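Values below: all heavy atoms of this structure, side chains included; hydrogens, waters and symmetry mates excluded. The model shown is predicted, which means the values in this text are computed figures rather than measured ones.
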Amino acid sequence: MACAISSALVALPLSAIACSTVIVGKDVSKTGEILIGHNEDNGGRIFNPQYWVPPAKHKAGEMITYEPTAAKIPQVRETLGFYWSQTLDPNGSSFSDGFVNEAGVVIVSNACSNIFDKDQKLKDGGIGYGIRRLMAERAHSAREAIDIAIDLLGKYGYFSEGRTYTVADKNEAWQIAIHKGNTWVARRVKDNEVIYIPNNFMMDKVDATDTENVIVSPGLIERSIKNGRYKPATPGVYNDFNFREAVQPAEQRAAGYNFGRNQVAWKYITGKKITDPEQFPYSFTPDKKFGVEDVKNILRLHEPEIGDDDGWYHHLGFGPCRVTTHESVVFELNDIPALITSYRALARPCETPYIPFYPLAKPGKDLSFMDAATATKEHFNARDNRFDYHAEWASATFINNANALEFQRDDRDDNFDIVEDLEEKWAGEQQGIRQQALAAMKVSPEHAEAILHRYNVAKLAEARGAIQANLDKIAPHKIVVMADSIDPKSSKEVKIVLLSDEKLDATKIDQKKTYAGVGRSSLTTSGVMSDLTQPTSFTATDVDGDGKADMVMTFAQKDLARFMMPGAVFDTYLYTREGGDRITAFDTVRIQGQTNRKYSSKERGHDR
C-alpha cells in the first residue's frame with residue numbers, strides 16, 4: 001500500500017498535500033483554555049503578511065466583491081476589527097487566510113476536496129473567500145460565526161468542493177464541514193476532546209438528534225439514505241449519521257498525503273499506531289492534558305523515515321510539517337480577547353521558532369507588506385512586483401533559513417537547539433507580560449495594547465536576530481548572478497559566480513552535484529533536486545580580485561528561471577557540495593516580462 005501511494009504521489013503538485021488543524025478542548029487543556037493549532041500549506045510564490053483591519057462603518061446598499069467570479073454580497077452597517085494572516089498568492093487565494101477578530105473569534109480551515117456530488121447549484125457564482133472573511137468581520141462568538149456561514153451557504157452555495165472551517169472563542173470551538181453547494185454539518189467540539197484534521201472530511205458519526213450541538217443541512221440525511229450512503233441503525237432516528245462516508249469516497253482518507261499525517265498525529269494523541277484509514281477517529285478523549293507544547297509538537301511531526309534519502313529533507317515527507325508548510329500557528333484562547341496569545345512560525349515549524357505575540361495588539365510593520373486596505377483590494381489581483389524578494393521583510397529571514405536547512409540537513413539539530421532555547425525563554429515570559437497588560441487595562445486599554453504591541457515587535461526582532469545569526473554561520477558563502485534581469489523564454493546564457501572565501505575554495509565544488517534555480521519554499525513540483533537546473537559549463541577565475549579563484553557557472557536563462565514568476569525579483573539559489581559539506585547561497589535577479597493571470601473559480605489548490 002505504501003509503495004502504491006508513493007508512486008501515485010509522484011505526479012501530484014505539492015500544493016495539493018497540505019494543511020493540518022489541531023483542537024484541544026478546555027477541559028483537557030493544561031492552560032484551561034481552548035487551544036487551536038494550524039499549519040498553512042501552499043506551494044509556489046507565497047508570502048504570508050499579517051495585518052490589523054480596523055472596525056468600520058459602511059454605507060447602506062454597499063456590496064462586497066471578492067473573487068471576480070463569485071457572488072456580490074450585501075455589506076452590514078458595522079464590521080469588527082480583526083487580525084488577518086493573508087496568503088498572498090499571484091493568482092489570488094480563496095481558502096487560506098486565518099483571522100482573530102476583536103470579539104475573540106479565531107478562524108482557520110482545511111480543504112476537503114474529492115467529493116461524491118460535484119454538480120451542485122450555485123447562485124450568482126456562489127461564495128468562497130467570503131465565508132471566512134465575513135465570519136471575521138461579523139461574528140461575536142464561534143456559534144454566531146456558524147450561523148453566518150449557514151446563512152451565506154443557503155443564499156449562494158459554496159463553489160469549492162469541500163472544506164472544514166474551525167472557529168473558536170473563549171467558551172467553545174465549532175467545526176462546520178462544507179460540501180459544495182449548500183450541504184454541511186456543523187458540530188460543537190466537546191470540552192474533553194482533542195481533534196486532528198488533515199485534508200479530508202474527518203467528521204464521522206454525529207448525533208443529528210442533538211440539536212444544541214449538531215446542525216445538519218436540510219435534506220442531507222434524506223438524500224444520503226436515498227443514495228445508499230447512510231442507513232440509520234434505527235429507522236427514523238438519526239443519531240449515528242456518518243458525514244464523511246456520505247459525502248466523500250474512502251480513498252481520500254487512504255491517500256498518502258492524508259494517511260501519513262493522520263497516522264503520526266493520531267499516534268501522538270492516542271499513543272496507538274493506526275494502520276486502517278477508516279479507523280482514524282474524528283475526535284479523542286485523552287486521559288491526560290495537552291498544552292501549547294503538545295500542539296506545537298503535533299504540527300512539527302514527520303514520519304520516522306523522513307530524511308533517510310539523499311535529497312532535500314522533506315522530499316519524502318507527508319507528515320503535518322512538510323515542504324509546503326509556509327506558516328504555522330497555535331492560538332491560546334482567553335476570556336479577554338486582547339490576551340489571546342498566538343505562537344507563530346513564519347516558515348516550516350520544524351526549522352522555525354514559534355514566536356509569541358498578541359494578535360489584537362497588532363503586528364509589527366515589517367510583517368505587513370502593504371496597508372490592510374490595499375491588501376484587501378489586491379487580494380485577487382496583486383501586481384507582479386508584490387512578489388519581489390525583500391530582505392527587509394521579517395518573514396524573509398525565516399524563509400531563507402528554511403531554504404538552507406532543507407538542503408544542509410547536518411545543521412538541523414543545532415538550529416533546533418536555538419529554536420528550543422528561544423521558545424523555553426519566551427514561555428517563561430507569558431505570565432508576566434499578561435499580568436502587566438491586565439494591570440494597564442485598569443488604567444487604559446490603549447496603554448495595555450501598546451505594551452503588548454511592543455512585546456510583539458520585540459519578540460519578532462529577537463527571533464529574527466537569532467535565526468539570522470545562525471544562518472550567517474551555516475550559510476556564509478556568497479554567489480552573484482551576473483545579470484540585472486533574465487528572460488524566462490530565452491536560451492541565452494547567464495552566469496552565476498560562487499565566490500571563494502577563507503573557508504571555501506569554490507573551484508573544488510562537486511560539479512555533478514550543483515544545481516540552481518528557485519528557492520525550495522517557492523518550488524511547486526514534486527520537489528526533487530533535479531527539478532532545478534545544472535550548469536552547462538564551469539570556469540575558474542578570480543572575479544572579485546581578492547587573489548582567490550572563484551567558480552563561474554553558465555546556465556540557460558530559461559532553465560534558471562524555471563518556476564519563477566515573470567515581473568518579480570526572485571531569490572535565486574545555488575545548491576552544491578564541496579567535499580562532505582553542503583553549500584547553500586543565493587542572490588536576487590529580476591525575471592523579465594509579466595504574468596498573464598486570470599482568476600478562475602475552480603478549486604485553486606490553496607488551503608490544503
Side-chain angles (χ1 to χ4, degrees), residues 37 39-40 47-50 85 292-293 295-297 299-300 302 313-314 321 325-330 332 341-359 361-369 389-434 451-478 503 519-521 571 573 581-586:
N39 279 356
E40 186 56 51
F47 293 143
N48 57 318
Q50 324 283 304
S85 177
V292 169
E293 289 304 312
V295 179
K296 291 180 186 177
N297 289 343
L299 296 177
R300 281 172 164 153
H302 305 114
Y313 185 75
H314 287 88
C321 180
T325 307
H326 70 91
E327 70 169 342
S328 181
V329 63
V330 180
E332 185 180 351
T341 312
S342 171
Y343 305 85
R344 184 173 295 279
L346 292 166
R348 285 182 290 271
C350 71
E351 299 157 337
T352 311
Y354 279 97
I355 307 167
F357 82 107
Y358 293 83
K362 305 179 178 61
K365 291 183 179 180
D366 52 356
L367 281 172
S368 303
F369 299 175
Y389 174 83
H390 286 272
E392 70 273 18
W393 289 350
S395 56
T397 299
F398 304 99
I399 294 169
N400 295 343
N401 188 59
N403 277 336
L405 290 170
E406 186 69 3
F407 183 60
Q408 296 179 204
R409 56 182 60 202
D410 290 343
D411 295 308
R412 295 182 63 85
D413 288 345
D414 288 344
N415 176 84
F416 200 70
D417 287 343
I418 294 169
V419 168
E420 285 189 315
D421 288 344
L422 286 169
E423 292 183 2
E424 183 177 354
K425 172 181 175 294
W426 294 332
E429 295 174 350
Q430 296 316 303
Q431 184 176 358
I433 191 70
R434 290 171 189 154
I451 291 171
L452 295 174
H453 178 73
R454 287 195 296 270
Y455 185 81
N456 289 351
V457 173
K459 295 304 106 176
L460 176 61
E462 184 179 349
R464 191 177 179 188
I467 295 302
Q468 185 63 56
N470 183 59
L471 183 58
D472 291 342
K473 178 182 177 181
I474 67 173
H477 310 301
K478 307 300 179 186
K503 295 183 178 180
R520 181 69 161 119
S521 295
D571 39 327
Y573 276 78
D581 295 329
R582 297 183 180 222
I583 295 169
T584 305
F586 80 95

Check whether [X] reaches the backbone of [Y] with its side chain - one donor and one acceptor, N or O, closer than 3.5 Å.
X: D411; Y: L405; result: no
X: R344; Y: F357; result: no
X: Q468; Y: T397; result: no
X: N456; Y: P363; result: no
X: E332; Y: V330; result: no
X: D571; Y: Y389; result: no
X: E423; Y: Y354; result: yes
X: S368; Y: Q50; result: yes

Query raised in the report: Could R582 and F407 be counted as a cation-pi pair, given that NZ or CZ must be under 6.0 Å from the ring centre and within 45° of the axis?
Result: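 Yes, a cation-pi geometry.
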**Report entry** side chain to side chain donor-acceptor pair (under 3.5 Å) partners for H314, two or more places apart
**Finding:**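 Only H302, E406 meet the side chain to side chain donor-acceptor pair (under 3.5 Å) criterion with H314.
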Query raised in the report: In chain order, what residues pass the side chain to side chain donor-acceptor pair (under 3.5 Å) check against E392, with sequence neighbours excluded?
Result: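 Residues passing side chain to side chain donor-acceptor pair (under 3.5 Å) with E392: H390.
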**Report entry** The single option from T352, I467, I474, L471 passing side chain to side chain contact (heavy atoms under 4.5 Å, CB included) against N415
**Finding:**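 Between N415 and the candidates, side chain to side chain contact (heavy atoms under 4.5 Å, CB included) is satisfied uniquely by I467.
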**Report entry** Pairing of D414 and K473 as salt bridge, 4.0 angstrom limit
**Finding:**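 No salt bridge links D414 with K473.
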Query raised in the report: Salt bridge check: are R300 and E420 linked by an N-O gap of less than 4.0 Å?
Result: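 Answer for the salt bridge query: no.
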Report task. Determine whether the aromatic ring centres of W393 and F47 lie less than 6.0 Å apart. Result ->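 When the ring centroids of W393 and F47 are compared, they turn out to be within the sub-6.0 Å range.
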Query raised in the report: Listed by chain and number, what are the salt bridge (Lys or Arg N to Asp or Glu O under 4.0 Å) partners of K459, not counting sequence neighbours?
Result: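 With sequence neighbours excluded, K459 shows a salt bridge (Lys or Arg N to Asp or Glu O under 4.0 Å) to E429, E462, given in chain and number order.
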